[in-house]
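To start, the structure itself, in structure tokens.
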Protein chains: 2
Amino acid sequence: MGDASKNGFLRAGELARLSGVSTDTLRHYERKGVLPKPGRSRNRYRQYPPEAAKRVLMIQRALAIGFTLDELAGILNVRDNGGSPCGRVLEIAAAKLAALEQRIVETIALRDELSSILDDWDAKLSSTQPGGRAALLESLTGRNLSKARDPQFQKSGKPRQKHRRS
Amino acid sequence: MGDASKNGFLRAGELARLSGVSTDTLRHYERKGVLPKPGRSRNRYRQYPPEAAKRVLMIQRALAIGFTLDELAGILNVRDNGGSPCGRVLEIAAAKLAALEQRIVETIALRDELSSILDDWDAKLSSTQPGGRAALLESLTGRNLSKARDPQFQKSGKPRQKHRRS
DNA sequence: CTTGACCCTGGAATCTATTCCAGACCTTAT
DNA sequence: ATAAGGTCTGGAATAGATTCCAGGGTCAAG
């Protein structure tokens, strides 16, 4: 059967397949508060209303844009209670956009950097005895790599290391 | 005093300041095997040779490029023992480059997407009563967002969820 | 001696989305 | 009934680099 409990409701696995995520992920969304807790049938199985599929889809979109499950939870909770967090949504989205822009610039710089490094290396390596050391990594030290660290959003600033209090 | 124990050696804090990382990070690098274990003075304080600064710099560069501490550890260990892992380095670097290229494309697509979404939203919001709901998030559902998920390297493919064995 | 500023250790926490786990129940077809 | 397959739960694991923590030495100046 495809529709679960003969009503128009979906069971976890069905919604999962339908929206391309795992049931674990669905439960996770629920835990995180981005997916409203569905009703339960007598056997305690979740009964998702068909709209849930759209909701999951929206969540995925928002995640792809760069929203965080927690941010989303905050927004959606307000909204599901009749509020209109659109201002907040816009605000966050704008920040995400800015972050993306910056990330693009940094990543491109990194790409160019790495690309040129590889050219160097190819050259060095071909003019080096097989088994010899071309000191590829060393050549990095001299380079003027932009401080762009790549890994996702990294808190900018100098290295902290909080003071001990004891 | 600037030079620690009057010899040309650096203490943890000094190397840290010098290379712009925290002492915790230095210890981490050591644990991970990318920073050779320095000698110790009588008081068991680390004594870093001045070259260590270059090494840390190199590590940072390599990280920025997309190397992983573990990858680096493998490479550097071979190297510090007289080996010449340049082939391997080149191999990894090339892979990183490809990954970067792809990430750039994806991120740009995402940026454009988000940018156009924001245009929509701005319009919608300005034609909505203050305090009213513009249903911004909903509008995501209809969009044809490229499947590009953003978060760093994500294992591609459909949702797994391994079979229970019990 | 006391203070403040470093240093040491090993292990745990952070962040985030997703997955994995074990033990146990429900349902349906054979 | 019995096995297969879906579902339930809460908590732990994953990845990666960095940070935080507590408890405890070391050292120079006041």
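In what follows, chains are A, B, ... by sequence order, proteins preceding strands, each numbered from 1.
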Compare side-chain N and O positions of A:Arg46 against OP1 and OP2 of D:dC8 and report whether any pair is under 4.0 Å apart. yes
Measure the distance from CG on A:Asp70 to P on C:dT16 and round it to the nearest whole Å. 6 Å
Could you check whether any side-chain heavy atom of A:Leu76 comes within less than 4.5 Å of a side-chain heavy atom of A:Arg55, counting everything from C-beta outward? yes
When the distance from CD of B:Glu71 to P of D:dA15 is rounded to whole Å, what number comes out? 14 Å
Rounded distance (nearest 0.5 Å) linking atom CZ of A:Arg42 with atom CD of A:Gln47: 8.0 Å
Both A:Val21 and A:Asn43 contact DNA chain C. Which one's nearest nucleotide lies toward the 5' end? A:Val21
Please report, rounded to the nearest Å, how far the P atom of D:dT7 is from the CZ atom of A:Arg27. 12 Å
Atom NZ of B:Lys32 to atom P of D:dA17: distance rounded to whole Å? 7 Å
Is there any protein nitrogen or oxygen under 3.5 Å from a nitrogen or oxygen in nucleotides 2-6 of chain C, and what are the pairs?
{"from": "C:dC6", "atom 1": "O2", "to": "B:Tyr45", "atom 2": "OH", "distance (Å)": "3.4"}

Taking the side chain of B:Arg40 as its heavy atoms from C-beta onward, which of C:dA17, D:dT19, C:dC8 lies nearest to it? C:dC8
Could you tell me the separation between the NZ atom of A:Lys37 and the C1' atom of D:dG10, rounded to a whole number of Å? 13 Å
Nucleotide nearest B:Ala12 when distance is taken to its side chain, options D:dC8, C:dA17, C:dC7: C:dC7
Against the side chain of B:Thr23, the closest entry in D:dG16, C:dC7, D:dC21 is C:dC7
To which residues is B:Ile108 joined in a hydrophobic cluster, defined by side-chain heavy-atom contacts under 4.5 Å among Ile, Leu, Val, Met, Phe, Trp and Tyr, whether direct or through other members? A:Ile104, A:Ile108, B:Ile104
Hydrophobic cluster mates of B:Val105, side-chain heavy atoms under 4.5 angstrom, ILVMFWY only, any path? none
Those residues that, when tested against A:Tyr45, pass side-chain hydrogen bond (donor to acceptor under 3.5 Å, both in side chains) (two or more places apart): none
B:Gln47 CD to D:dT26 P: how many Å, rounded? 15 Å
Salt bridge (charged side-chain N to carboxylate O under 4.0 Å, His left out) involving B:Arg27 - partner list, sequence neighbours excluded: B:Asp24
Any side-chain N or O of B:Thr25 less than 4.0 Å from the OP1 or OP2 oxygen of D:dT19? yes
Just how far, in rounded Å, is P of C:dA13 from CG of B:Asp24? 16 Å
Considering only C:dA17, D:dG11, C:dG10, which nucleotide approaches the side chain of A:Leu63 most closely? C:dA17
Could you give the CZ-to-C1' distance, from B:Arg42 to D:dT26, as a whole number of Å? 12 Å
Residue list, salt bridge (charged side-chain N to carboxylate O under 4.0 Å, His left out) with A:Asp112, at least two apart or on another chain: none
With nearest nucleotides of DNA chain C determined for A:Ser22 and B:Arg44 from heavy-atom distances, which residue corresponds to the more 5′ nucleotide? B:Arg44
